[in-house]
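Chain letters run A, B, ... following the sequence lines, proteins first, then strands; residues in each count from 1. Keep in mind that this is a model prediction, so the values were computed, not measured.
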Amino acid sequence: MELLVEILSWIFILSGSFFTVVGAFGILRFPDFWARLHAASISDSAGMILLLIGMALQAGWTLVTVKLIIIGIFLFITGPTSTHAAASAALVSGLRPKEHPGLTGAQTPPPEKQN
Amino acid sequence: MFIVAALSLFIAMLLVLVRLFNGPTLYDRVLAVNTFGTFTVLFIGVLGFLNGRPDFLDISLLYALINFVGTIAILKFFRYRAIGDQPRPSDQAEGEV
């Protein structure tokens, strides 16, 4: 049983580390603000939840697990909220996605008028 | 195991810092700061486990609270150009009359 918990915790922590690095790499490499939002969401939710589950498996049923669950709930609510606030503020300020000149077929509507 | 998590979080924080310093727009920087804060919360927690003192989780919880409030305050300031009370449209109408 101990070995099983240990292996599960290894799996969760390693995959969480993988997702955080992938999300950070996406934030660095993606061409556009609107594309970078996706990468930020990956590292904010997937990496965070997997790392916290791995740490909670290591800690067992103690007060530490309760704190980890509280941190997880808080980050689970506030991460998407702040990402949404950033997207909303960028949209209001007039930032628009780049339109790729090579793409054909998709008719993109003209950007909405600013208020 | 926690060494691996701490190292990968450290690398991720470095990558986000690069985007923070040469992000072309303001919102890229805000997004990078927010992600950096989330990584910091996780990093402090992992560091506590690494040292065998999981009490560090209190600090990381406090950091999560401050990070969220700070991000929302920055975005509100750059959207409305005011953090506190701001004149509502009805007040402006009364002032014009």
Which portion of [X] sits near chain B, non-hydrogen atoms under 4.5 angstrom:
{"X": "T62(A)", "result": "neither"}
{"X": "F30(A)", "result": "backbone"}
{"X": "I27(A)", "result": "both"}
{"X": "F74(A)", "result": "side chain"}
{"X": "L37(A)", "result": "both"}

Based on non-hydrogen pairs under 4.5 Å, which of [options] is most in contact with chain A?
{"options": "T25(B), T35(B), I11(B), L7(B)", "value": "T35(B)"}
{"options": "D58(B), D55(B), N67(B), V16(B)", "value": "D58(B)"}
{"options": "I74(B), I72(B), L65(B)", "value": "L65(B)"}
{"options": "S60(B), S8(B), P54(B), A12(B)", "value": "S8(B)"}
{"options": "V46(B), T71(B), L42(B), V4(B)", "value": "L42(B)"}

If you count heavy-atom pairs within less than 4.5 Å of chain B, which of L14(A), V22(A), L51(A), I70(A) leads?
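Sorted descending by pairs with chain B, the first entry is L51(A).
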
Tell me, out of G16(A), A90(A), A86(A), who's got the most heavy-atom pairs with chain B below 4.5 Å.
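Top option by heavy-atom pairs under 4.5 Å: A90(A).
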
Who are the salt bridge (charged side-chain N to carboxylate O under 4.0 Å, His left out) partners of R19(B), not counting sequence neighbours?
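Partners of R19(B) by the salt bridge (charged side-chain N to carboxylate O under 4.0 Å, His left out) criterion come out as none, since no residue qualifies.
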
Please enumerate all residues that pass salt bridge (charged side-chain N to carboxylate O under 4.0 Å, His left out) together with D32(A), with sequence neighbours excluded.
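Salt bridge (charged side-chain N to carboxylate O under 4.0 Å, His left out) list for D32(A), sorted by chain: empty.
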
Using heavy-atom distances under 4.5 Å, tell me whether [X] contacts chain A through its side chain, its backbone, both, or neither.
{"X": "V41(B)", "result": "side chain"}
{"X": "F49(B)", "result": "side chain"}
{"X": "L31(B)", "result": "side chain"}

To the nearest 0.5 Å, what is the distance between CG (L75(A)) and CE (M48(A))?
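Rounded to the nearest 0.5 Å, the CG-CE separation comes out at 4.5 Å.
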
